[in-house]
Amino acid sequence: MNLDDLNVAQRQAVERTEGPVLILAGAGSGKTKVLTTRISYLVEDKNVNPGNILAITFTNKAANEMRERVDKIIGDNSRDMWISTFHSCCVRILRKDINKIGYNRSFVIYDSSDQATLIKECMKELDINDKKFDHKMIISKISSAKDKLMDPKEFARQAGSDFLLKKIAEVYAVYQERLKRSSALDFDDLIVKTVELLKSSEDVLEFYRNKFKYIMVDEYQDTSRAQYELIKMLAMGHQNICVVGDDDQSIYGWRGADIRNILEFERDYDDVFVVKLEQNYRSTQIILDTANHLIANNIERKKKRLWSEKKDGEKVQVKLLKNEVEEANFVVNEIYENSIKTGRPFSEYAVLYRANAQARAVEDALNKFQIPYNIYGGTKFYERKEIKDLLAFLRVIVNPQDDISVKRIINIPRRGIGLKTIEKLEDRASMMKESLYSVLLDVDNNSDISTKAKKGINEFLDMVGLLRALNEVYKPSELIEKVLDVTGYKSELEFQVKKNENMQNGKAEEAQDRIDNLMEFISIAIEYETGVLNSGEEKNLEEFLSGISLSSDIDDEDNDSIDKVSLMTMHSSKGLEFPVVFIVGMEENIFPIARAIHSMSDAEIEEERRLCYVGITRAMKELYLTYTVSRVLYGKPNVNKKSRFLGELPDETVEILDSPVKPVEFAGANYSLIAKYADKYKNSMNLESAKSIGAKIKKEKDYDAMNVACGEGAGYDSYDSSKIPRLKKGSVVRHPKFGDGVVVSKLGADVTIAFNSKGIKKINLEYNTIEVKKY
DNA sequence: CCATTTTTTATTTTT
DNA sequence: TAAAAAATGG
């Protein structure tokens, strides 16, 4: 096999096939290339049977990409290889043998919202409604317990006498019981139960240890303790385990990723061969220097330094704007001008942010400029109501024990089964420790249920019976059509469209959208069927459903080729790259994000810093970082200091774009003063409070709040209909780039200005901020 | 039982 | 602000 286009380190990583190998792969250092080459090398040069190879990734996208690339090198040989995500690998193992630990092999997979519903039910059953017990908090505690392979008993033991933890332990126990009764596993269970299976059955463990003679794990820094344990069990015999990761890109600690897994890999295995991939093929040296300098502030890390052969490049641009609207306008204008200047398609630009809510302002600006964009994240296809309803029907067909799904659809379409009836049924189910469905089957012998409800329940049972019979005959896609038909779900939506057609309430469009989504779902099913046909596997509804549960978003391949700007959180940008990257919202409390009440621990700050590192290293050629004076948060304007991360960047690689005002520095400087008046506003201050504090400081009420917060009556102007009239012919202005000038003429937001140094220029105030001299 | 109004509460989310 | 949860009224 030809390894000529690998560098020395990459080559070492490929050729060291035996024993434990740790590849520390910096951002953009070609780790996917190394992994795919290594897999191919094993097969082609080392004559390893493809069936003996297991390659694990975290996302379907990564798994698909890896398989594709391996396919390209070694052709159809890759078929017997397991290249999959942790979760789908576990599903495959569990479908075969989960009965050995007392579960039903046709289990369903509960997603996070099913999980939330079930947790709430468990809390109700235990009479826990105190406001102190937030179901989300309980979910995350249980989830992190599972990440550590802690079962309810162990959890209760560790809770000791702590009241809160004891209560959570109770919920955890009931929750697991209910899951089992429903033949359901949540995402975490997929890992936990696989470990349990391997621990309890010597045969199964032996089988997979023999099968997977070579194991590779991608994104190792993101593995949880449970995943670590799983891999360790499988790799124990032959020790041919190769993990790839970058501790600096560990950004999922809050989701159970244990950074110790990678930091302590060398301690866990004997004679570990460590390779560092430090040559970056993605970014300019300027961008790498910026990222290196920032991440050097983290203490808990393996030292490494990325370098690139691309020595020249643009400096990182840092820009302060007045608020999130102007920030977005600046970004979009910059994209627009840059694309005209360089001829880059819009797909080469990305706007990254800390929280999804920040996308809105950017979206508005892009719409105003009529620039096409793609938002990643947000509401996912499979989380839409109509899709969830349909999925619930399908899940009940496969597994009527699934209480959560039964409850979801029992009254769709309406059959007079209300909350009261369901409550009675549930009580009975939990009393008898049986599933809801078996209580339904016995409804005629149940005296507390009204005749009307009984009738409805029997209708429901008949319908499910019919659909289950149809499932024996039809393919998934055809069955879906039957479901939509038999349940009347589709005709109900069609009726909604008709009914609201002539009203301007948007309901017709909404119903039509839902129909379209359902049709889209059918084509996904058809796609699945043809895909399965080619691979020669079984094509049943069960497999189709687990596939769907395990795929987060539809990876729309042709969507990538469409010329659109990408908007996403920094979390979802991991693994991607763009020639031009904007990171918006570089402010304290936004990024690093503020956590409720308590201040952040060092470890949390370090994770935020790693996230910033991930964001920066997405950029290939140009990088912009923006922050604002004030920003509307939860409906109220807030003033934040600029992000500490900006201060951690090296001076040499950063260019601070001239700003008309320096309010954030002022705000920073004034914090000690403000703090004197109101200590509680030290970290976060809204304009309301700034105004009153400012008034005390300045003893002058007429300053507008922002100027007070900025510490000075800067008298600056921007596009704001109420302020525009202040700009007149003859006004003296200062532009951030062009310096002082005089307004020559004004048409809408377009102002023509004669600059002392640059001559006459037309400036559009929608996306340029200029300073107006105070009268 | 169900639809509408009021109140509450705000990360990130590969599966 | 804006979405989700809870409360209320028909």
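Letters go in sequence order (proteins before strands), and every chain restarts at 1.
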- Item | Between B:dT12 (P) and A:Leu352 (CG): distance, integer Å | 15 Å
- Query: Below 3.5 Å, does any donor atom in the side chain of A:Arg255 face an acceptor in the base of B:dT11, or the other way round?
  - Reply: no
- Pairwise 5' ranking along DNA chain B for A:His571 and A:Thr85, keeping only the more 5' one: A:His571
- Query: Do A:Lys322 and A:Glu327 meet the salt-bridge criterion of a basic N to acidic O distance under 4.0 Å?
  - Reply: no
- Message: Is it the case that the base of B:dT11 and the side chain of A:Arg354 share a donor-acceptor contact (distance under 3.5 Å, atom types as modelled)?
- Response: no
- Query: Which of these nucleotides, B:dT11, B:dT15, B:dT13, is closest to any side-chain atom of A:Glu608?
  - Reply: B:dT11
- Would you say A:Tyr252 stacks on B:dT12, if stacking means ring centres under 5.5 Å apart and planes within less than 30 degrees? no
- Quickly work out the A:Lys424 NZ to B:dC1 P distance and round it to whole Å. 7 Å
- Under 3.5 Å: donor-acceptor pair, side chain of A:Arg610, backbone of A:Ser250: yes
- Task: Quote, to the nearest angstrom, the C1' distance that separates B:dT12 from C:dA5.
- Result: 23 Å
- Query: From the list B:dT11, C:dA5, B:dT15, which nucleotide is the closest neighbour of the side chain of A:Thr59?
  - Reply: B:dT15
- Find the runs of at least 3 consecutive base pairs, i with j, i+1 with j-1 and so on, that include DNA chain B, using Watson-Crick or G-U wobble geometry with both distances under 3.5 Å. B:1-10 with C:1-10
- Can you tell me how far C1' of B:dC2 sits from CD of A:Glu492, to the nearest Å? 14 Å
- Query: Between A:Tyr252 and A:Trp254, how do the two ring planes meet: parallel, tilted or perpendicular, split at 30° and 60°?
  - Reply: tilted
- Task: Look at A:Ser112 and B:dT13 and indicate whether a side-chain polar atom (N or O) is within less than 4.0 Å of OP1 or OP2.
- Result: no
- For B:dT11, glycosidic torsion class - syn if within 90° of 0, otherwise anti: syn
- Task: Please confirm whether the backbone N or O of A:Thr617 pairs with a side-chain atom of A:Arg282, one donor and one acceptor, at under 3.5 Å?
- Result: yes
- Message: At 4.0 Å (heavy atoms only), tell me whether A:Asn411 reaches a base, stays on the sugar-phosphate, or touches nothing.
- Response: sugar-phosphate
- Query: Just by modelled atom types, is the A:Asn323 backbone N or O under 3.5 Å from a matching donor or acceptor in the A:Glu326 side chain?
  - Reply: no
- Query: Which whole-number value in Å describes the distance from A:Lys385 NZ to C:dA3 P?
  - Reply: 17 Å
- Query: Between B:dT15, B:dT14, B:dT11, which nucleotide gets closest to the side-chain atoms of A:Ala355?
  - Reply: B:dT11
- Message: Does a side-chain N or O of A:Asn60 approach OP1 or OP2 of B:dT15 to a distance below 4.0 Å, or not?
- Response: yes
- Given atom CG of A:Leu611 and atom C1' of B:dT13, what is their separation to the nearest angstrom? 12 Å
- Query: Is there a side-chain polar atom (N or O) of A:Ser549 under 4.0 Å from OP1 or OP2 of B:dT15?
  - Reply: no
- Validation row, ring centre A:Tyr103 to ring centre A:Phe107 under 6.0 Å: no
- Look at the side-chain N and O atoms of A:Thr569 and state whether any lies under 4.0 Å from the OP1 or OP2 oxygen of B:dT13. yes
- Message: Taking only side-chain N and O atoms of A:Asn356, does any of them lie within less than 4.0 angstrom of OP1 or OP2 on B:dT13?
- Response: yes
- Taken to the nearest whole Å, CG/A:Asp114 to P/B:dT13 is 19 Å
- Query: Could you state the CZ-C1' distance from A:Arg360 to B:dA10, rounded to the nearest angstrom?
  - Reply: 14 Å
- Query: For A:Ser572 and A:Lys136, take the nucleotide of DNA chain B holding the closest heavy atom to each; which residue's nucleotide lies nearer the 5' end?
  - Reply: A:Lys136
- Task: Not counting sequence neighbours, which residues clear ring-ring contact (aromatic ring centres under 6.0 Å, His included) with A:Phe58? List them please.
- Result: A:Phe86
- Would you kindly give the CD-to-C1' distance between A:Glu606 and B:dT12, to the nearest whole Å? 18 Å
- salt_bridge(A:Arg105, A:Glu542) N-O dist < 4.0 Å: no
- Message: Salt bridge check, A:Arg354 against A:Glu608: does any charged N sit closer than 4.0 Å to a carboxylate O?
- Response: yes
- Heavy atoms under 4.0 Å, any strand shown: does A:Thr57 hit a base, just sugar-phosphate, or nothing? nothing
